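To keep things clear, I will list the structure first and then write my remarks on it.
None of these values were measured; they are calculated from a predicted model. Worth knowing before you read on, the calculation uses all heavy atoms, side chains too, and leaves out hydrogens, waters and symmetry mates.
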Amino acid sequence: MTLYLDVIWFLNFCIDYVLISLTAYVLKRNASKKRILFASLLASSYVFLVIFPELMLFSQPIMKFILSIFIMIVAFGFKRFKFVMKNIAMFYFVSFVTGGGIFGLHYFMQSDAVIMNGVITTKSSGMGDPVSWLFVVAGVPLLWYFSKKRVDDISVEKMDSNSLVKVTIKIDQILISANGLIDTGNKLYDPISKMPVMILDMNKHGDSFPETIRTAAKDVLAMNTDDNEHPWLNRLRIVPYRAVGHQQFLACIKPDTVEIEKDGVSVASPQCLIGLSWTVLSSEGQFDAIVHPKMYLQHVQAS
């Protein structure tokens, strides 16, 4: 049997480069492409050991682990032992996930069973399946892309879950319960009172408000200020904000109290305004209110 060592080495080099790059991405390591290139060369050089029987000692698990340490040091440097071990653990995890994904996808698509004379048999050439090479070449980049997307999704979901709170708004005798997201990018204030503005999704909570307030929330300029039939009109405020380069106005209402609960701990928010928005805040329904960071983080910092 003929082994095309240069082809095997180049394939391993490409796979190692992808795996080390994905490790750097997951761990947010600022590794240069040159360091990753050298680390990939070191990792792929392992395939040359098969032509030197006297070097088969390096096929032992302990030697493979030592080689992994050098690969990670070349790729990401050495800061402390824990730093290196974390890089190694993630490198192996990424390798197992990617390799397992290719292995599973290949055997999911493959069928070696045939029927001969009414008997189910399997066939194997003993030389390896050429299709598996196609899966390796095409599957590694696809799994890299899939893994990268999943890491991004998990990061966003983790960030969202850490920022989700329960919000209870009290206006007269009305209590409104909402799932809020503490958005550190929300810098909206009432320019007159300097109170922070929390955004509430009226698509879900509109029924809790009288028709006059709902109309004002839909069109601030069409608000009838002469209608004094409902006492909540005295609570209305108009807050300007900038969106996509032009000025807009948001109808807001002043609540009696707002309580924010996170991890079983409830805190009273400082005075604020509730922005009434008809824009869907979360397409997946994870939250229906955007909480101004000052309404909660100020209490946390004070504690």
Side-chain angles (χ1 to χ4, degrees), residues 3-52 55-106 132-163 181-185 293:
L3 288 177
Y4 296 95
L5 200 59
D6 54 345
V7 176
I8 298 175
W9 168 82
F10 181 72
L11 179 62
N12 277 270
F13 170 77
C14 293
I15 294 175
D16 290 330
Y17 187 89
V18 169
L19 295 177
I20 296 174
S21 298
L22 185 57
T23 301
Y25 179 82
V26 173
L27 294 178
K28 309 300 181 185
R29 304 295 190 221
N30 294 321
S32 65
K33 291 183 178 179
K34 184 180 294 186
R35 294 189 69 114
I36 295 178
L37 179 65
F38 285 137
S40 302
L41 288 173
L42 176 60
S44 59
S45 63
Y46 182 82
V47 301
F48 292 106
L49 297 178
V50 298
I51 63 175
F52 298 107
L55 296 180
M56 289 304 293
L57 172 67
F58 287 92
S59 64
Q60 299 299 319
I62 184 63
M63 300 305 296
K64 292 180 180 179
F65 182 75
I66 294 175
L67 180 62
S68 301
I69 294 177
F70 284 105
I71 293 171
M72 292 296 100
I73 291 177
V74 171
F76 308 118
F78 181 86
K79 295 183 179 180
R80 55 187 182 276
F81 184 71
K82 184 178 179 181
F83 176 83
V84 177
M85 293 305 298
K86 186 175 182 179
N87 294 336
I88 294 175
M90 182 55 66
F91 175 70
Y92 277 114
F93 175 77
V94 168
S95 302
F96 293 154
V97 169
T98 306
I102 295 176
F103 185 82
L105 183 62
H106 172 63
S132 64
W133 286 88
L134 177 62
F135 268 82
V136 170
V137 174
V140 169
L142 289 176
L143 285 172
W144 182 89
Y145 176 78
F146 174 78
S147 301
K148 179 177 177 294
K149 293 292 293 182
R150 285 306 306 151
V151 168
D152 290 338
D153 292 342
I154 292 172
S155 299
V156 171
E157 290 172 5
K158 182 179 179 180
M159 179 184 65
D160 288 346
S161 63
N162 290 336
S163 303
L181 174 70
I182 301 176
D183 182 11
T184 55

Step-by-step side chain to side chain contact (heavy atoms under 4.5 Å, CB included) determination, T23 to Y92:
CA-CA 9 Å; T23 301; Y92 277 114; over 6 Å; no
Apply the test side chain to side chain contact (heavy atoms under 4.5 Å, CB included) to residues L42 and L67: give CA-CA distance (whole Å), side-chain angles for both, the deciding distance (0.1 Å), then the verdict.
CA-CA 9 Å; L42 176 60; L67 180 62; 4.2 Å; yes
Heavy-atom side-chain contact between [X] and [Y] under 4.5 Å:
{"X": "I20", "Y": "F76", "result": "yes"}
{"X": "Y17", "Y": "L41", "result": "no"}
{"X": "F83", "Y": "M72", "result": "no"}

What's the shortest heavy-atom distance between [X] and [Y], and which atoms?
{"X": "V84", "Y": "G77", "value": "CG2-O, 4.3 Å"}
{"X": "V74", "Y": "A39", "value": "CG1-N, 3.6 Å"}
{"X": "F13", "Y": "S40", "value": "CE1-CB, 3.6 Å"}

Examine distances only and state if a side-chain atom of R29 and a backbone atom of S21 form a donor-acceptor pair shorter than 3.5 Å.
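Not at all, since once roles are kept as given, no pair shorter than 3.5 Å links the two residues.
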Just wondering, more than 12 heavy atoms not from F70 lying within 6.0 Å of its CZ?
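No - once you tally the heavy atoms of other residues, nucleotides and ligands closer than 6.0 Å, there are 12 at most.
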Working to the nearest 0.5 Å, report the span between CD1 of I69 and CZ of F91.
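With rounding to 0.5 Å, CD1 (I69) is 12.5 Å from CZ (F91).
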Rounded to the nearest 0.5 Å, what separates atom OG in S68 from atom CG in N87?
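That separation rounds to 11.5 Å.
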